[in-house]
Novice: 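Mind looking over this structure? Questions follow.
Throughout, a chain's letter reflects where its sequence line sits, starting with A, and its residues are numbered from 1. Everything numeric in this text was worked out from a predicted model, so none of it was measured.
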Number of protein chains: 2
Amino acid sequence: MPTSAPPPNARERQKRERRLALIEAAQRLVGERGLDDVTVEEISSAAGLSTRTFFNYFDSKDDAVLGIQEIELDAEVRAQFVSGGPSGRLMSDLEALVAGFLKDAAPNIEQVERAMRLLTSEPRLMQRHVAWHQRIVGEFEELLSERRKARPSPVDDDTIGMVAGLLMRSSALAWARSGYEGDAAAHLPEAVAQLRLLLDD
Amino acid sequence: MPTSAPPPNARERQKRERRLALIEAAQRLVGERGLDDVTVEEISSAAGLSTRTFFNYFDSKDDAVLGIQEIELDAEVRAQFVSGGPSGRLMSDLEALVAGFLKDAAPNIEQVERAMRLLTSEPRLMQRHVAWHQRIVGEFEELLSERRKARPSPVDDDTIGMVAGLLMRSSALAWARSGYEGDAAAHLPEAVAQLRLLLDD
DNA sequence: ACTGCAACTTGCACTCAGTGCAAGAATAGT
DNA sequence: ACTATTCTTGCACTGAGTGCAAGTTGCAGT
C-alpha cells in the first residue's frame, strides 16, 4: 500500500467536484427553504446534473444535505489498537482510536458547519446523522472484539463501544462550540474529564 | 390527574386492537420476507384495514414494524428529578430517571423481542430505533436543564444526557441477553458498574 | 329510541424519493 | 485512431407517504 496516492485523473477530479457541487446546492436550497420543500430534481439541476446522476453520488437526499461520507480509519492506528496498543491502557487507547476517527471526520469545515446548523431544525437529518454516528460505534465494537484476543477486558464491547461513541460526540460538540477551531480531537481529554467527574458523583 | 383511568370505551379498545394487529402483521410479514419485500398495503390488508388507515396509526412503515411509541415518564419521577431529587446525588438520580423510562418501554415483550430480532438484519429499522433512542436522550437533556436550576452540576447536559442514554441502552441489552426476564431496570446497577470499571482503566 | 355531532375509515389522486435499464457520451489506455 | 471501460441521462416505474372529501361508526344527550 503506497503512502502517496497517484495524481487524480480527470474522472476522479470531476467526481469530487460534482459531489461538492451537489452538497453545496443541497445545503443552500435546504437552508433557504427547508428540507421538505426542496426536491432532488432541484438540487441536481442547481448542480448541473440529472436526478439520476444524483443517486450515483448519494444514497439519499439526506446524505447529500449532510455531505455524509464514510470515514476510513488509518491502517496504522487500526493495527495498533487491535494488537493491544498504543499504551496498553484501555481508556487511553480508546482516546487514540477516537482521535483516529475524528481526524478525517470533517474534510470540509464549511460544509460541516452548515450541515450541523441544519440538524437543529430538521429531525430527519438528525436521524440520519445519528445513524451515521451509530455506524461508527459499530466499528468501535468490531475493533474491540478483535483487540480482545490480544488484550481482554472485563468490560463488555457494547459498553466500551458506546463510551467511545460518547467521547467522539462530546469532542465534536465541544469543537463546534469553539467555532470549529483547531482539531476536534483536541477536546478529547476534556470529554474524558467530564465523564470521570460525573462518575465520581 | 386521577390515578385510575376510566374504562376504555369501544373507540379506544378498537384503536388499541387495530394498532396491535398492524404491528403483528408487520412483524410477521417482515420476519418472513424482509423489510423491502413487504408493502404497507400488504401489512394493512393482513390486519384488515386500508393503507390510508395504516397511516392514521403509524407515521411510517418502520414505526409499525418496530411497534414504536412514545414513552410517557411518570409525572412524580419527573418532578422529583427536576427538583434535585430523589437522593441529591447525580449518578444515583440518573439511575432513578432511566429506570422511570425503562418502566414502560416494553409494554408487550413478545413484540419487543421480535422487533429486536429484526433490527439485526434490517439497517433501516436500526436507524429508526436509534433515532427513537436519541429522542429520549433529548428528553434527558431537557430534564437536566430544568434540574440545573435546583441543583447545578459541573458536567454539561450533553455529556450527562449521553451517559443516561448509555445506561439505558446498556441495561436494555443486558435485559435482552437475559431472555427478557424480570425488569430491564434491574440491570442498571451492573451497567453503572461496567462504566466505572472502564473509567478506572 | 332518536338525533346530532365528533371521530374515524376509506378511496382516490397525487407527489416525490428512489431504482433498473439501455442508449449515448466521455475518459483512459494502447 | 481505435477499443474498452466508465459514466450520464432519459425514461418508466414502484411504493411510501399525504391531502381531501364522502361515507360510516361511536358517543352523549334528550
Novice: What's the shortest heavy-atom distance between B:Q194 and A:P154, and which atoms?
Specialist: NE2-O, 3.4 Å

Novice: Do any N or O atoms from the side chain of A:R128 and from the backbone of A:D63 form a donor-acceptor pair under 3.5 angstrom?
Specialist: no

Novice: Heavy-atom contacts under 4.0 Å between residues 20-39 of chain A and DNA chain C, which residues?
Specialist: A:V38, A:T39

Novice: For the pair A:D74 (side chain) and A:E76 (backbone), establish whether a donor and an acceptor sit closer than 3.5 Å, ignoring hydrogens and angles.
Specialist: yes

Novice: Measure from the side-chain N and O atoms of A:S145 to the backbone N and O of A:E141, and report whether any donor-acceptor pair falls under 3.5 Å.
Specialist: no

Novice: Going by number, which of residues 119-132 of chain A have a non-hydrogen atom under 4.0 Å from DNA chain C?
Specialist: none

Novice: Can you tell me the distance, in whole Å, between the NZ atom of A:K15 and the P atom of D:dT5?
Specialist: 18 Å

Novice: How bent is the helix from C:dA1-D:dT30 to C:dT30-D:dA1, measuring the angle between the end axes built from five pairs each, rounded to 10°?
Specialist: 30°

Novice: Strictly distance-based, threshold 3.5 Å: is any side-chain N or O of B:D183 a donor or acceptor partner for the main-chain N or O of B:A186?
Specialist: no

Novice: Taking 4.0 angstrom as the limit, do A:R124 and A:D36 come out as a salt bridge?
Specialist: yes

Novice: Could you check which residues of residues 42-63 of chain A get a heavy atom under 4.0 Å from DNA chain C? Sort them by number, please.
Specialist: A:R52, A:F55, A:S60, A:K61

Novice: Got a salt bridge between B:E139 and B:R135, using NZ or NE/NH1/NH2 to carboxylate O under 4.0 Å?
Specialist: no

Novice: Between A:D157 and A:R148, is there a side-chain N and carboxylate O pair less than 4.0 Å apart?
Specialist: yes

Novice: With sequence neighbours left out, which residue pairs that include part of residues 85-112 of chain B fulfil the ring-ring contact (aromatic ring centres under 6.0 Å, His included) condition?
Specialist: B:F101-B:F140

Novice: Inspect the contact between A:D93 and A:R151 and indicate whether a charged nitrogen and a carboxylate oxygen are less than 4.0 angstrom apart.
Specialist: no

Novice: What heavy-atom pair brings A:L29 and A:A46 nearest, and what distance separates the two atoms?
Specialist: CD1-CB, 4.2 Å

Novice: Examine distances only and state if a side-chain atom of A:Q27 and a backbone atom of A:R114 form a donor-acceptor pair shorter than 3.5 Å.
Specialist: no

Novice: Considering every strand and a 4.0 Å limit on heavy-atom distances, what is the contact class for B:R18: base, sugar-phosphate, or nothing?
Specialist: sugar-phosphate

Novice: Mark yes or no for whether A:R78, through its side chain, and A:L143, through its backbone, hold a donor-acceptor pair below 3.5 Å.
Specialist: no

Novice: Using 0.5 Å steps for rounding, measure from the CG atom of A:L97 to the CZ atom of A:R147.
Specialist: 9.0 Å

Novice: Over 60° means perpendicular and under 30° means parallel, so classify the ring planes of B:H129 and B:W132, tilted if in between.
Specialist: parallel

Novice: Spell out protein contact along nucleotides 22-30 of chain C as letters: B when the base is contacted, S when just the sugar-phosphate is, - when no protein heavy atom is under 4.0 Å; keep the 5' to 3' order.
Specialist: ----BBS--

